[in-house]
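First up is the structure itself, then whatever we jot down about it.
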Amino acid sequence: MNKLLSILCTLIILVACKNSRNKENETEVVSNKTKSLMAIFAHPDDEIVISPLLTKYANEGVTINLVFVTDGSKGVAEHANIPVGDSLAKVRMEEALCVTKTLGINPPIFLKYTDGDLALYENLYSLDDKIDSLFTKHNPNVVITFGPGGEYGHSDHRIVSNIVTEVFQREASETLNQLLYYGFPKEAQADDLKLKSKVGNWFNENWKTTQKRFLTHRIPFNENELTIAHKGSSCHKSQYTPDTIDDLFAIMKQTDNAIYLRSWNGSKTLTDNIFD
C-alpha cells in the first residue's frame, strides 16, 4: 500500500511539473504579444535579409511596422524592363504590400524619398523629423535597421542607418528601448558558395560582414518561417528573378537558420530574443 502511495505521489508531482513547464512556455510566447517592432530600410526589398525574423515575430503576435524611406523609383532591373519613374515606384509599392501580407505584418509605410537623394542637405533634416514622428506615432519597443556597412555599402542604406541611430539615441525611452543593426557573420561567408545568378554572386562577394563576436543577438527561425519569408521575398519581381531570390536565401542559410543582429551601442551578452 505504501509503495502504491509513493508511486501515486510521484505521478502527481510529475504532472504538476509538466503543467508548470507548459505554463512557463505559454508565458514566453504570450509575453511578446504586447511588443512592437519597427524595421526601417532605404528601399523596398531591403527587408529580405530579416524576413524570416519578421515572420517569426509576427507569429508570436508582435506588432510589426516595416518602413521604406525611398519609393524605389530608380531601381531598374534589366529582366523587368520597367523604366525609371512613377510606374516603377507604383510597382514596388504593390510588391511591398504583397510582402507584408505574406509575412503577416502591417502594410508598409513609405516616406517617398527618391533613390540616391538621401544625402542631400535638405533631405537629411526632413528625414530626421519624419523618423522622429514615426517613433512618436507607433511607439516601437525595438527598431531594426542596417549597420554602418549598409548591407553592401549602398549610400542610401548608410544614410538611413545614420539618421535612425541619431534619432534613437536622442529619443530612446523606457518603451523605445532597443536599436539593432542587422549583421552577417564574417565567419559564415563562403567564397565557394554555388549560386545560380550574376546578382546573387555579386551580393555574396560584396556583402559587408561583421565579426561574430560583435553580434549580440542570434534569432533562430524554423523551416516554415523560412518558407514564408522566401514566398514573401518572391513578391519583388521587378527587382529579382526566382534564381536570384533562391541565391539570396542560400546566402542567408549559411548562418544555420538564424538572423544575427547587434545592439547599436554594444553588448557582451548573447541572447535569442530581440526584446531582451
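Everything quoted here is computed from the prediction, not taken from an experiment.
- No side-chain N or O of Asp117 forms a donor-acceptor pair with one of Asn123 less than 3.5 Å apart.
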Show your reasoning for whether side chain to side chain contact (heavy atoms under 4.5 Å, CB included) applies to Met38 and His138. CA-CA 8 Å; Met38 178 173 285; His138 297 282; 3.6 Å; yes

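- Using cut-offs of 30° and 60° on the angle between ring planes, the pair Phe110 and Phe68 is tilted.
- Counting all heavy atoms, side chain and backbone alike, Ile274 lies closest to Leu261 at CG2-CD1, 4.1 Å.
- A side-chain donor-acceptor contact under 3.5 Å links Glu47 and His236.
- Residues Arg158 and Pro148 are not in side-chain contact: their nearest non-hydrogen atoms beyond the backbone lie 4.5 Å or more apart.
- Among Ile50, Asn273, Thr63, Leu103, the one residue that satisfies the side-chain contact (heavy atoms from CB on, under 4.5 Å) test with Tyr57 is Asn273.
- Within 6.0 Å of CG on Asp86 lie no more than 12 heavy atoms contributed by other residues, nucleotides or ligands.
- Counting heavy-atom neighbours within 6.0 Å of Lys74 NZ, excluding the residue itself, gives a total above 12.
- The closest side-chain heavy-atom distance from Asn141 to Gln178 is not below 4.5 Å.
- For the atom pair OH of Tyr240 and OG of Ser197, the computed distance is 10.0 Å after rounding to the nearest 0.5 Å.
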For Phe249 and Ser51, run side chain to side chain contact (heavy atoms under 4.5 Å, CB included): C-alpha distance rounded to whole Å, both residues' side-chain angles, the deciding distance at 0.1 Å, then the answer. CA-CA 10 Å; Phe249 276 80; Ser51 53; 3.7 Å; yes

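- In terms of heavy-atom proximity, Thr100 sits nearest to Pro108 at OG1-CD, 3.3 Å.
- With a 4.5 Å cut-off on side-chain heavy atoms, Lys33 and Glu60 do not count as touching.
- Within the model, atoms NZ of Lys198 and OG1 of Thr241 stand 12.0 Å from one another, a figure rounded to the nearest 0.5 Å.
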Hey, mind stepping through Asp132 and Glu171 against side chain to side chain contact (heavy atoms under 4.5 Å, CB included) and telling me if it holds? CA-CA 8 Å; Asp132 195 329; Glu171 302 299 336; 3.4 Å; yes

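- Residue Leu215 is found in a hydrophobic cluster whose other members, listed by chain and number, are Tyr260; membership requires side-chain heavy atoms under 4.5 Å apart, directly or through intermediates.
- Distance check, rounded to the nearest 0.5 Å: CG of Asn201 to CD1 of Ile251 gives 8.0 Å.
- For residues 181-192, every residue pair satisfying the side chain to side chain donor-acceptor pair (under 3.5 Å) rule, not counting sequence neighbours, is listed here: Thr165-Tyr181.
- Side-chain atoms of Asp129 never come within 3.5 Å of backbone atoms of Ser126 as a donor-acceptor pair (strictly under, hydrogens ignored).
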For Glu223 and Asn257: C-alpha separation, side-chain torsions, deciding distance, then whether side chain to side chain contact (heavy atoms under 4.5 Å, CB included) applies. CA-CA 8 Å; Glu223 286 300 319; Asn257 283 15; 2.9 Å; yes

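- To the nearest 0.5 Å, atoms CG (Leu124) and CG (Asp128) are separated by 9.0 Å.
- Residues Ser73 and Ala89 approach most closely at CB-CB, 3.9 Å, considering heavy atoms.
- The closest side-chain heavy-atom distance from Thr145 to Val160 is below 4.5 Å.
- At least one donor-acceptor pair under 3.5 Å links the side chain of Asn206 to the backbone N or O of Trp202.
- More than 12 heavy-atom neighbours from other residues, nucleotides or ligands sit within 6.0 angstrom of CD on Glu122.
- Ile48 and Val91 fall into different hydrophobic clusters, where Ile, Leu, Val, Met, Phe, Trp and Tyr are joined by side-chain heavy atoms under 4.5 Å apart, directly or via other members.
- Residues Val49 and Ile105 are members of one and the same hydrophobic cluster, defined by side-chain heavy-atom contacts under 4.5 angstrom among Ile, Leu, Val, Met, Phe, Trp and Tyr.
- The shortest non-hydrogen separation linking Ile82 to Ser87 is CG2-OG, 4.0 Å.
- Annotation: the span from Leu193 atom CG to Asp247 atom CG amounts to 8.0 Å, rounded to 0.5 Å.
- Under a 3.5 Å cut-off, the side chain of Asn32 and the backbone N or O of Lys35 do not form any donor-acceptor pair.
- A heavy-atom distance below 4.5 Å is found between the side chains of Thr255 and Pro185.
- The two atoms that bring Thr216 and Ser263 nearest to each other are OG1-N, 3.0 Å, heavy atoms only.
- Transitive grouping of hydrophobic side chains (ILVMFWY, heavy atoms separated by less than 4.5 Å) keeps Ile109 and Val99 in distinct clusters.
- In this structure, the side chains of Glu95 and Ser238 come closer than 4.5 Å at one or more pairs of heavy atoms.
- Scanning all heavy atoms of the two residues, the minimum distance from Leu226 to Pro52 falls at CD1-CG, 4.2 Å.
- Tested against Pro140, the residues Leu37, Leu176, Val62 include a single side-chain contact (heavy atoms from CB on, under 4.5 Å) partner, Leu176.
- Linking ILVMFWY side-chain heavy atoms closer than 4.5 Å, directly or via other members, places Leu111 and Ile40 in a single hydrophobic cluster.
- Using a cut-off of 4.0 Å between Lys/Arg side-chain N and Asp/Glu carboxylate O, Lys90 and Asp71 are scored as not salt-bridged.
- Interatomic distance, CG of Leu66 versus CG of Leu97, reported as 11.0 Å (0.5 Å rounding).
- For Asp156 and His43, the side-chain atoms include at least one donor-acceptor pair closer than 3.5 Å.
- Listed for the Arg218 side chain is no donor-acceptor partner under 3.5 Å among the backbone atoms of Asp272.
- In this pair, Phe135 and Phe168 present their aromatic rings perpendicular. The plane angle is above 60°, beyond the 30 to 60° band.
- Between His157 and His154, the ring planes are parallel. Angles under 30° get that label, and only those over 60° would be called perpendicular.
- A salt bridge links Asp246 to Lys196: one of the charged nitrogens lies within less than 4.0 Å of a carboxylate oxygen.
- A continuous path of ILVMFWY side-chain contacts below 4.5 Å connects Leu53 to Phe184, so both sit in one hydrophobic cluster.
- With contacts defined as side-chain heavy-atom distances shorter than 4.5 Å, the pair Lys112/Lys130 does not qualify.
- Relative orientation of the Phe146 and Phe41 rings is tilted, given thresholds of 30° and 60° on the angle between their planes.
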